[in-house]
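Side-chain atoms are counted along with the backbone in the values below, which use heavy atoms only and exclude waters and symmetry mates. Order of the sequence lines sets the chain letters (A, B, ...), proteins ahead of strands, with each chain counted from 1.
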Amino acid sequence: MAKTLKQELDETLEAAVRVVASDVEADLPLDKCRFGPTRSPEHGDFATNAGLVLAKPMRRKPLDIAGELAAELLKSDFIAQAEVAAPGFVNVRLADSAFVHVLENISREGAAYGMNDSGADESILLEFVSANPTGPMHIGHCRHGVTGDSLARILRANGHPVTTEFYINDAGVQIKSLGKSFRARCYECVTGEAPTEELQYSGEYLVEFAKEFTSSKTKEDLDKLSDEEFAWEARGRNLEMIKRDLEALGTRMDSWVSEKALLDDGLVAKSLDRLRNSDETFEEDGALWLKTEAFGDDKNRVIVKTDGELTYLVPDIAYHLNKYERGFGTYINLFGADHSGYPARLRAGIATLGHDPEKLKIILMRLVFLMKNGERVKFSKRAGNFVALSDVVEEAGRDATRWFMLSRSIDTEFEFDMDLATEQSSRNPGFKVQYAHARICSLESKAAEGGFPEASSPADAIASLNSREEHDLIIYLSTYPEVVERAGKSLDVHSIPAWLLGLAELLNSYYTKGNTDPHFRILQEDNRELYAARKVMLDSVRRVLANGLELMGISAPAHMSRDEEEE
RNA sequence: GCGCCCAUAGCUCAGCUGGAUAGAGCAACGGACUUCUAAUCCGUAGGUCGGAGGUUCGAGUCCUCCUGGGCGUGCCA
């Protein structure tokens with residue numbers, strides 16, 4: 001993998017700093033020296049604050065230091081001009097070779113452009129969604145499903161071997177309740193009499209399942225079935241529904257782990273034994289407690305109740321023991337903000353069972369609230385009054401849903417307005433990115449039909465790619481690998497769509513400039529050779545748009561057609 | 001009460017490890033389709049970055065306090 005332009009320039013800066021500050025005894029604050037694209041053309045292409053940062057350790061004026069840095073930086077082949085600006089910046093204009101470097105990297109690496117192998121030695125188990133198999137998934141699961149999937153893609157792009165996993169909570173009391181509700185629905189189907197007891201799970205989906213299940217069964221058949229069998233049947237059907245929903249969302253799970261299986265294998269019992277025999281648990285008031293306080297919990301937690309039943313913590317800790325025994329480098333859990341008490345408890349359990357709790361990273365994602373008719377809908381799976389994930393995907397479309405969900409920081413709770421999302425799906429900002437991609441595809445196919453020349457080499461092309469707009473585009477393209485790397489390190493998905501939108505805006509703006517300025521028209525009959533140069537850049541933009549959309553699990557269409565019916 | 005998180009344009013949200021005049025979408029207003037797809041673009045208007053201090057060359061970004069909101073704080077899961 002070739003060095004990115006950013007890496008090259010960082011090395012150039014570091015070398016320059018070492019020369020200029022060679023007589024400084026103390027450690028140089030290199031990590032505080034920035035070298036990056038500027039926001040304003042008058043500041044050149046790239047700028048560094050190194051002069052300001054070095055002023056204190058060197059005990060000299062920032063402007064003087066900047067002057068010496070500028071002279072050093074000019075020695076680089078990638079830098080054409082270097083100017084000092086108050087209060088102590090160095091503004092740099094890049095040489096053609098820098099732009100060539102970027103275009104060559106993209107052209108050579110193609111779909112791999114932006115990827116790196118820094119995470120190759122750290123395998124990751126990424127658990128997310130893990131919705132209880134007691135009903136359809138809702139809007140909250142949608143955010144988790146999309147974010148987790150995209151996170152997996154980003155981590156893989158950073159070289160990590162990633163396994164995505166869904167934990168099936170199929171052994172607790174909620175499954176028993178599900179079984180009871182399902183049994184009641186089955187009898188309702190067979191006898192025609194409405195259930196007399198109140199159903200814990202009253203959603204319509206159970207009625208549908210019951211119809212399917214009892215279609216060739218009699219009341220006598222049902223009488224032979226145990227509660228557990230009803231529960232397992234409903235669990236299976238719910239799980240199939242969850243799998244279908246995840247598939248509709250474009251989310252892939254590599255692994256499914258069943259709580260019941262862990263229980264049947266004796267892992268829960270084994271975990272409990274080890275917990276009980278450790279110094280980190282104690283008996284009090286007839287219950288067994290785990291010392292979670294030592295890991296930041298407000299208070300210690302009961303793991304075995306006075307009636308001998310286990311709390312949810314024991315199977316959860318057992319599951320994490322199972323994870324650790326599979327030997328990953330890092331374990332990431334994507335939880336909802338309502339699980340903020342979990343990290344301390346799980347870490348306490350993991351440490352007590354002799355594993356390193358630092359390998360467990362828990363991401364707490366803010367909630368999504370559903371807006372309908374101007375107010376928040378309180379949804380409850382038991383009551384069945386929620387908008388299902390499948391409805392959202394169906395109405396807004398997979399791409400629009402994913403864009404919408406991924407564009408927001410996981411630290412921000414936001415309101416998903418169902419009506420607005422459906423109505424605005426055709427004006428979703430994500431379409432702008434897809435449109436930019438389709439636009440280039442369209443141009444290129446048109447050029448091919450018209451017999452325009454193929455792309456030349458970047459080195460040959462660069463002389464013609466000399467406008468500010470073209471330089472800005474190429475510089476922007478050069479920052480993509482950093483964005484991917486940063487997103488992988490900070491587990492921050494939403495920076496990808498934000499960056500892509502920036503690229504799409506640059507491209508669209510560049511394209512539209514051709515409407516008013518003939519020089520910027522890409523297909524010029526009387527200047528066909530110009531296209532050979534521009535195609536180099538267009539190919540790069542198209543490539544990187546597609547790479548970024550791939551990380552989001554959003555399609556990069558070659559053609560976009562609009563429903564003419566809409567008005 | 002305690003813990004974690006949030007507060008940026010009318011609305012929904014960006015703002016990278018502190019960097020030079022705070023950005024986008026929607027909504028508002030004015031423009032650009034005989035044209036390489038107008039799902040686009042250009043322009044105008046809209047901000048005391050919740051409030052008050054502090055750290056320094058420099059703060060939306062870091063620290064403290066305050067205000068307002070969310071979640072958690074079950075021998076529920």
Side-chain angles (χ1 to χ4, degrees), chain A residues 31-32 34 36 38-40 42-43 47-49 51-53 55-56 61-62 85-89 91 132 169 172-174 285-289 296-299 301-307 309-313 315-316 336-344 364 366-367 369 404 407-409 411-417 420 424 426-432 434-436 438-444 446-447 450 452 479 482-483 486-487 489-490 492 494-495 497-499 501-502 504-505 507-516 518 520-524 531 559-563 566:
Chain A
D31 56 321
K32 286 189 169 182
R34 310 285 171 228
T38 60
R39 206 180 317 169
S40 163
E42 60 198 78
H43 298 144
T48 177
N49 62 349
L52 292 159
V53 173
K56 187 165 277 181
K61 289 180 184 170
F89 293 102
N91 295 330
N132 288 346
N169 284 283
V173 292
Q174 77 281 4
D285 301 335
L288 185 67
W289 299 68
D297 206 351
D298 313 1
K299 49 180 277 194
R301 303 287 158 177
V302 168
I303 55 174
V304 182
K305 299 188 259 181
T306 47
D307 63 4
E309 291 284 314
L310 305 182
T311 65
Y312 68 97
L313 264 174
D316 281 354
D338 55 342
H339 284 58
S340 63
Y342 267 52
L364 293 175
R366 306 309 301 179
L367 303 178
F369 295 93
F404 197 70
S407 298
R408 282 144 174 84
S409 159
D411 287 330
T412 309
E413 65 184 38
F414 73 97
E415 291 176 341
F416 190 98
D417 189 322
L420 201 68
Q424 285 198 341
S426 65
R427 284 180 294 170
N428 188 306
F431 280 90
K432 182 184 288 195
Q434 292 181 306
Y435 187 67
R439 198 167 227 177
I440 296 173
C441 292
S442 169
L443 268 175
E444 295 190 339
K446 195 145 221 158
F452 279 82
T479 64
E482 305 163 47
V483 173
R486 210 162 46 223
K489 286 203 172 115
S490 59
D492 155 38
H494 83 278
S495 54
W499 187 89
L501 200 54
E505 278 167 0
L507 188 276
N508 282 326
S509 179
Y510 173 68
Y511 174 96
T512 315
K513 212 168 164 59
N515 285 346
T516 51
F520 281 95
R521 281 185 70 80
I522 291 158
L523 301 179
Q524 297 177 35
Y531 178 74
H559 182 83
M560 290 188 78
S561 59
R562 181 183 201 172
D563 292 340
E566 276 186 65

Problem - Side-chain N or O of A/Ser442 closer than 4.0 Å to phosphate OP1/OP2 of B/rU37 - result: yes
Exercise for the section: Report yes if a side-chain nitrogen or oxygen of A/Lys432 is closer than 4.0 Å to either non-bridging phosphate oxygen (OP1 or OP2) of B/rG25; otherwise report no. Expected result: yes
Exercise for the section: Check every strand shown and say whether A/Ala447 touches a base, only sugar-phosphate, or nothing at a heavy-atom separation below 4.0 Å. Expected result: nothing
Exercise for the section: Could you check whether A/Asp338 gets within reach of a base, just the sugar-phosphate, or nothing at all, counting any heavy atom under 4.0 Å? Expected result: sugar-phosphate
Fill in the blank from the handout: Out of B/rA39, B/rC75, B/rG19, minimum distance to the side chain of A/Met560 belongs to B/rA39
Completion exercise
Checking B/rG19, B/rA38, B/rA39 against the side chain of A/Val53 (C-beta onward), the nearest is B/rG19
Handout entry: d(CG, A/Leu507; C1', B/rU40) in whole Å
Key = 11 Å
Completion exercise
Comparing A/Glu505 with A/Gly514, nearest RNA chain B nucleotide closer to 5' gives the residue A/Glu505
Problem - Phosphate contact (B/rC75 OP1 or OP2) by A/Lys299 side-chain N/O below 4.0 Å - result: yes
Practice task
Compare the aromatic ring of A/Phe89 with the six-membered base ring of B/rA20 and state whether they stack according to the 5.5 Å and 30° rule.
Solution key: yes
Exercise for the section: Look at A/Tyr531 and B/rC36 and indicate whether a side-chain polar atom (N or O) is within less than 4.0 Å of OP1 or OP2. Expected result: no
Completion exercise
5'-most contact on RNA chain B (nearest-nucleotide basis), A/Leu501 vs A/Asp298, goes to A/Leu501
Practice task
Indicate whether OP1 or OP2 belonging to B/rU37 is found under 4.0 Å from a side-chain N or O atom of A/Lys446.
Solution key: yes
Exercise for the section: Name the nucleic acid region contacted by A/Pro429, choosing base, sugar-phosphate or nothing; use a 4.0 angstrom heavy-atom cut-off, strictly under. Expected result: sugar-phosphate
Fill in the blank from the handout: Readout for nucleotides 8-18 of chain B: B = base within 4.0 Å of protein heavy atom, S = sugar-phosphate only, - = neither; 5' to 3' it is ----SSSSBBS
Practice task
Mind checking A/Asp307 for me? I need base, sugar-phosphate or nothing, with any heavy atom below 4.0 Å counting as a touch.
Solution key: nothing
Practice task
Select base, sugar-phosphate, or nothing to describe what A/Val173 touches, counting heavy atoms under 4.0 Å on all strands.
Solution key: sugar-phosphate
Exercise for the section: Test for a donor-acceptor pair under 3.5 Å between the base of B/rU21 and the side chain of A/Ser40, counting only N and O atoms. Expected result: yes
Exercise for the section: Test A/Tyr510 against A/Ile522 for side-chain contact (heavy atoms from CB on, under 4.5 Å), laying out the working first. Expected result: CA-CA 10 Å; A/Tyr510 173 68; A/Ile522 291 158; 4.2 Å; yes
Handout entry: Gap between atoms CG and P, on A/Leu310 and B/rC76 respectively (whole Å)
Key = 12 Å
Exercise for the section: Identify whether any heavy atom of A/Leu443 sits under 4.0 Å from a base atom; if not, whether one sits that close to sugar-phosphate; answer base, sugar-phosphate or nothing. Expected result: base
Handout entry: Check: A/Tyr312 side chain, B/rA77 base, donor-acceptor under 3.5 Å
Key = yes
Exercise for the section: State, yes or no, whether a side-chain contact exists between A/Leu523 and A/Lys446 at a heavy-atom distance under 4.5 Å. Expected result: yes
Exercise for the section: Would you tell me if any nitrogen or oxygen in the side chain of A/Lys305 comes within less than 4.0 Å of OP1 or OP2 on B/rC76? Expected result: yes
Exercise for the section: Tell me whether A/His43 is stacked on the nucleobase of B/rA20, counting only the six-membered base ring and applying the 5.5 Å and 30° thresholds. Expected result: yes
